[in-house]
Amino acid sequence: APQCQTDSVFNNTNLVQRNKAISELANGRDIFYIDPNPAVCDKDGNLISEYTSDQIHLKANYYNLWSKYIRENVVY
């Protein structure tokens, strides 16, 4: 949350817009979009503070949580 309030580039509004643009490239047949944010964000869409040291990137020990979410939500 602190990062979103003070940074004009790295904030949730921009992140949501970029993710929406990326998701629109998916066609549901051979190109899919998986939103991993539910695995690492709080109810307000902010990166869970204990998962990050810079409010932008995940700490390495939380990559497994993120990748597990992606694996569980992948389309085969």
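By convention here, the first residue in the shown sequence is residue 1. The figures here come from the full heavy-atom set of this structure, side chains too, leaving out hydrogens, waters and symmetry mates. All figures in this text were calculated on a predicted structure; none of them were measured in a lab.
- Here C41 contributes atom SG and I48 contributes atom CD1; the two are 7.0 Å apart, rounded to the nearest 0.5 Å.
- Minimum heavy-atom separation, L47 to I56: CD2-O, 3.7 Å.
- The closest donor-acceptor contact from the side chain of D44 to the backbone of N46 lies at 3.5 Å or more, if one exists at all.
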Begin with the C-alpha distance, continue with both residues' side-chain angles, and end with the deciding distance and a verdict on side-chain contact (heavy atoms from CB on, under 4.5 Å) for V40 and Y62.
CA-CA 8 Å; V40 295; Y62 291 99; 5.7 Å; no

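- Y69 is linked by a ring pair (Phe, Tyr, Trp, His ring centres under 6.0 Å) to nothing, counting only residues two or more places apart in sequence or in another chain.
- Hydrophobic cluster membership of I22, counting Ile, Leu, Val, Met, Phe, Trp and Tyr whose side-chain heavy atoms lie under 4.5 Å apart directly or via other members: Y33.
- Distance alone, capped at 3.5 Å, is enough to place a donor-acceptor pair between the S67 side chain and the N64 backbone.
- No path of Ile, Leu, Val, Met, Phe, Trp and Tyr side chains, each step under 4.5 Å between heavy atoms, connects V16 with L58, placing them in separate hydrophobic clusters.
- Proximity of Y51 to L65: side-chain heavy atoms (C-beta onward) are separated by under 4.5 Å at one or more points.
- Here the shortest heavy-atom pairing between K59 and E50 reads NZ-O, 3.4 Å.
- Considering all non-hydrogen atoms of both residues, G45 and N12 come closest at O-ND2, 3.2 Å.
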Carefully, step by step, assess T52 and D54 under the rule side-chain contact (heavy atoms from CB on, under 4.5 Å).
CA-CA 6 Å; T52 182; D54 64 1; 3.2 Å; yes

Report the C-alpha separation of N19 and N37 in whole Å, then their side-chain angles, then the decisive distance to 0.1 Å, and conclude whether the side-chain contact (heavy atoms from CB on, under 4.5 Å) test is met.
CA-CA 10 Å; N19 284 345; N37 289 332; 3.2 Å; yes

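- Closest non-hydrogen pair, I34 versus N73, comes out as CD1-O, 3.7 Å.
- No more than 12 heavy atoms of other residues, nucleotides or ligands sit less than 6.0 Å from atom NZ of K68.
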F32 vs V74, test: side-chain contact (heavy atoms from CB on, under 4.5 Å). Steps then yes/no.
CA-CA 8 Å; F32 299 90; V74 71; over 6 Å; no

